[in-house]
Amino acid sequence: MSLENEKLLELYRKMLLVRAIEQTHGKLLQEGKIQLMSHFGTGQEAVAIGVAGPLRQEDILFGTHRGVGEYIGKGMTAKDIWLEYLGKKTGLCKGKGTLHLCDRKVNIPGLVSSLGSDFSYAVGTALSAKMSKTDQVTLYFVGEGTCNQADAHPSMCMAALWKLPVVFAVCTNQFCEFAYMDEHYPTEDVAIRAAGYGMPYDIVDGQDIETTYKVTEKAIEHARNGKGPYLVEYKTFRMALHHSGDPGEYVKSEDLEKWGKRDPIDLCQKKLQDRGILTGERDQELRKAVQTEVDSAVEEAFSGPDPTVDDLFEDVYAQKEVI
Amino acid sequence: MSLENEKLLELYRKMLLVRAIEQTHGKLLQEGKIQLMSHFGTGQEAVAIGVAGPLRQEDILFGTHRGVGEYIGKGMTAKDIWLEYLGKKTGLCKGKGTLHLCDRKVNIPGLVSSLGSDFSYAVGTALSAKMSKTDQVTLYFVGEGTCNQADAHPSMCMAALWKLPVVFAVCTNQFCEFAYMDEHYPTEDVAIRAAGYGMPYDIVDGQDIETTYKVTEKAIEHARNGKGPYLVEYKTFRMALHHSGDPGEYVKSEDLEKWGKRDPIDLCQKKLQDRGILTGERDQELRKAVQTEVDSAVEEAFSGPDPTVDDLFEDVYAQKEVI
Amino acid sequence: MAKTISFLQAINEAMAEEMRRDSSVFVLGEDVRIGPFGQTAGLVKEFGEERVLNTPIAENAITGVAMGAAMNGGRPVLELMFCDFTMLAMDQICNHLGQWRYITGNQYAVPITIRTAVGAGFRMAYGHSQCLESQLLQAPGLILVEPSTPHDAKGLLKSAIRSDDPVVFFEHKKLILGGVEGEAPEEEYTIPFGEAVIRKEGKDVTVVAFGFMVYEALNAAQELAQEDIDIEVIDPRTIVPLDQDTIFESVEKTGRLVTVEEGRIRGGLGAEMAALACGDYFSLLKAPVQRIAAPMVPIPGSPVLEDLYLPNKDSIVRAVKRTL
Amino acid sequence: MAKTISFLQAINEAMAEEMRRDSSVFVLGEDVRIGPFGQTAGLVKEFGEERVLNTPIAENAITGVAMGAAMNGGRPVLELMFCDFTMLAMDQICNHLGQWRYITGNQYAVPITIRTAVGAGFRMAYGHSQCLESQLLQAPGLILVEPSTPHDAKGLLKSAIRSDDPVVFFEHKKLILGGVEGEAPEEEYTIPFGEAVIRKEGKDVTVVAFGFMVYEALNAAQELAQEDIDIEVIDPRTIVPLDQDTIFESVEKTGRLVTVEEGRIRGGLGAEMAALACGDYFSLLKAPVQRIAAPMVPIPGSPVLEDLYLPNKDSIVRAVKRTL
Ligand SMILES: Cc1ncc(C[n+]2csc(CCOP(=O)(O)OP(=O)(O)O)c2C)c(N)n1
Ligand SMILES: Cc1ncc(C[n+]2csc(CCOP(=O)(O)OP(=O)(O)O)c2C)c(N)n1
Ligand SMILES: [Mg+2]
Ligand SMILES: [Mg+2]
């Protein structure tokens, strides 16, 4: 499963960008400059970027709380993310959503606060795509912990029953908050549940960007061709803690060590170098450019305009008078 | 799979009793003597009675809205059912539950109004049984339509995860209200979903009482022996309409004809006669006795005392003053 | 030109007309192809199975499916058979549906209509009989509608379907199943939200009642008239937005307010109206506000107890007298 | 003998003591073995994994599991991390939990305690910041508790766990995470439901506030004192049952009522108290009742907007002045 050089390089750059955004977020938190809760996706970048990569602009993506990978992958910019993160009036959600990233330009309808509530939204967007006979696909990206949420079940059932163009992309990062997956799961894998709905599935390595991209691409084309939903489970590891307040003692150091050796960015970098696509020098440039992009996004966001009391009462209804 | 003579005869009598109760309910409705909504289980008696049959008194049963089969099977009496059905002060629920049958004497904790809300109760009763180290089993009896309800999923997940003593008994009667099962299901069977949780399952004929009894017995013993949950799916057919207000045109007459030939009571009667356990005369006596039991239960219920305004405010809290 | 239609027909026609007018409108819910209470009956014949979608039994998820479709250009009319089942979908309705426009900074509206049946009296006991309108008072971003006549049912449901805001539309079983009839224009019409109707003018006491309770209030008015007590009966028609102007112009005249609802009393619409009354409109009040509502108990199955549970003409009559 | 404990510790000790006292008490919820906010931290060490149960992420189902366990002899203490997630479990909580004793004719009680965190101020936006206490006002059969001090938190939580009725116990994040401390007896104690506390005596205006808002009210009292306005601050401690006697004895003295809550205004506890005030207690009122609460909008993520959204000392001060 190999990708074209330019494609692979672009995915690599996006992974770097994701990590830079998240590291910068961590730094700002540590310096006490922001209060914004974090859930980083360190080590999972190949899943997030690989999953969003094959989507077209008109395709719909529902992402997760963990980092910005899939949002960057789908086309959101560092600048848009930071304006919203800092709650600015010029943010995509006018500072009202903050962590709940949403970008209509690239068909990201928003991020719910209750895990799994959007399982059914993905079925709904796919349903309307089918009804209006477009070939738009919806990709629902989700953590394994969230797959235990009740609505996962009727949502998958309806997707299969109505043969809807939706791909369920499950990021199994071994953790659900402060516990290993085995405190949540009676089985090793999540994906086998798809069989209960007659839905095809794959279980793949989540560290190798070419694998995640190619397998997702296949699933998306399956859905686009009217063959109904598909589920892919990506095995990865959450190298970050759950969030900024996580004590973290429960994480086994041997796991960190083992998975650390298969960092998706390192793996991709090595591939690019092995294939002669990337030199050490070009890599440094790339990394610097990415960091500059993030820094200037953060700077611009900090100096962006805050919303005012009038904004508090805007956008509740189509017409303001209703409140 | 054959049962002892006495056992089979007793199950037969219970099936007759169930049908008599339901037919009487239908008659009273038709005569305008009661308003009590009905959901009859005609044709499904071998499932309901076979499922409840192997349970011990201390085992817990959650039943369904469809008829009285499993309630009679677990030990409720026609008299208790009718007193409650008619909303009498002397009913088990003091007339407050009516259709929501509940009988603590035989460990039936009640019937919910929202389908599937009790999936998790069954997991909960099994959890507490395991915690207190009894060998009590919980049996959760449910229609296939209800198995699409969201909570089916985390409930089964927890049952498997914690290896709880609970049996999920799925009565696939081909209908979910006014539609055939295939408008609700992407697959032929429900039971395969159990595999997603690593839960063992069986799919069996629901018309033969010996089969339903024996298979359920096996599943219950599995659960009782600490091996965790088990799911059994019973294939049957709803010969009755959904409820008293069902237009019914959607039911195919060839299905009624086909399944009518395998009426569970007829099948059992034939078995009993073939094995020389039952004569035609004894059968008539039995049927008459059962009808008398029902008639006198109904009569007693009609003349039972109605609750009064004081009762309206009783039993909301442990102490009345709180309201 | 006016015609006589039933409440059930009104609901049905509103959906059919809007489906004809706008191809993005579709209907979904449990058994809507037949219609458990009949509101959606026949739609599948005209509009096909694609636009009249039977769903599995999973209220939270089907609400979410409707929401997702609405985010992507659809205009779903979702039936949740009994309002009791809206409790299964509260995460969607309260946490997300009414908040989505806001938290996405107006990028995504969620124009869905949820129709659901309320009301007791059919001996269906605790979980198929409730009036849970007021369970949604706390949620921002929703429109709450409850008509009492076929005319209003049709006009308001059409407005609901056209609304870019999410609407929860309550239909009382006694109106749907009771064959209640009324006049409605032959021609196309809609009714704006937030406009109450004075069902009966009167000078002594203002009685606000919605849904089926309007009829109980009108019956109370007749009975009270015999004792020369002249009440004004106001039907707000929409619970959110609430037509405070009409209500409190009436209270200005009468100085007396009785609120009536079939739902439970604590934290109900009556509480909200009473709070408004003794807040901004305190100076108008000449007597204590009387709230008529169900008590804080579950709905018992026993017919005797169910009848005792329900507010009715008699309790309204008594309440009116207490204000005088 | 008194000792100083934090609010967090109070919650933790209440659970630990009850688990020691009664082997049927157990704790379950998402990540309770560690404790997302720390209330349950350490319990697993003393009581083992069997009695401190991490659950999958499925709020309606884990509520149902707790209910089932309670029907079969268990006495579960369920943590629903954020009150926002109680919306996922509304079918269990409103349709069944509070109604089960009644509809089974007292055959089955469901003695469970649901603990859940409320409150904004942490920049967590729309679905992790709400105060949804009043969403449960309409449900029969529940006890609703919200303490404001470590002392009350401990005593009331112990009562909740011992109660044969289902209790929903709200813990404000600013109290849990803010390190709020207070005195509590060394010895065993419990606090009965339905008994308000007068946090500050005063003669001019009655201010009722619960949870974290008690502190905003007390700050308002200080500020108002400088203008010689002497308010009485009442902390009801339990929302259901509500101690009407204490509240309205105070109103009898002051003739003025300000209600304060962090939740949204429409149909909130303030509405209920105002409705009581202008109902049975109408003759006591000398001025309009003022309701201080959040507006009917979602909670925005922007720190600036979040601060504007929240009721606080200043809005209480202004409300008090409006009554004079
Ligand atoms: C309904 C709901 N319950 C609980 C939470 C709290 N919560 C936030 S993240 C998380 C863990 C999710 O695990 P998983 O889906 O595997 O995603 P991961 O965090 O591992 O990326 C939990 C329980 C929530 N946000 N919503
Ligand atoms: C939450 C909820 N949704 C819908 C209903 C209405 N309803 C009652 S019975 C039924 C069909 C159930 O089908 P199934 O589980 O197969 O049982 P069956 O009626 O076939 O015995 C429905 C939808 C309900 N009672 N509760
Ligand atoms: Mg995970
Ligand atoms: Mg069925």
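Numbered from 1 within each chain, the chains take letters A, B, ... in sequence-line order.
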With only heavy atoms counted, which part of [X] is less than 4.5 Å from chain D, the side chain, the backbone, both or neither?
{"X": "C:Arg291", "answer": "side chain"}
{"X": "C:Leu276", "answer": "both"}
{"X": "C:Leu88", "answer": "both"}
{"X": "C:Ala287", "answer": "backbone"}

Measuring from atom [atom1] of [X] to atom [atom2] of [Y], what distance do you get when rounded to the nearest 0.5 angstrom?
{"X": "C:Cys94", "Y": "D:Leu132", "atom1": "SG", "atom2": "CG", "result": "8.0 Å"}
{"X": "D:Leu144", "Y": "C:Arg266", "atom1": "CG", "atom2": "CZ", "result": "6.5 Å"}
{"X": "D:Leu137", "Y": "C:Ile265", "atom1": "CG", "atom2": "CD1", "result": "12.0 Å"}
{"X": "D:Phe85", "Y": "C:Asn95", "atom1": "CZ", "atom2": "CG", "result": "8.5 Å"}
{"X": "D:Met87", "Y": "C:Asn60", "atom1": "CE", "atom2": "CG", "result": "12.0 Å"}

Query - D:Gln135 versus chain C, the contacting section by heavy-atom distance below 4.5 Å - result: both
Query raised in the report: At a heavy-atom separation under 4.5 Å, does D:Ile93 approach chain C through its side chain, its backbone, both, or neither?
Result: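 No part of D:Ile93 comes within 4.5 Å of chain C.
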Query raised in the report: Highest number of heavy-atom pairs under 4.5 Å with chain C: which of D:Ala275, D:Pro288, D:Gly301?
Result: D:Pro288
Query raised in the report: If you tally heavy-atom pairs under 4.5 Å against chain C, which of D:Asp280, D:Val240, D:Ile299, D:Thr259 wins?
Result: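 Looking at each of D:Asp280, D:Val240, D:Ile299, D:Thr259 in turn, D:Val240 comes out on top.
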Query raised in the report: Do D:Phe282 and C:Cys278 come within less than 4.5 Å of each other through their side chains, counting heavy atoms only?
Result: no
Query raised in the report: Looking only at side chains, do C:Gln99 and D:Gln130 share a donor and an acceptor under 3.5 Å apart?
Result: yes
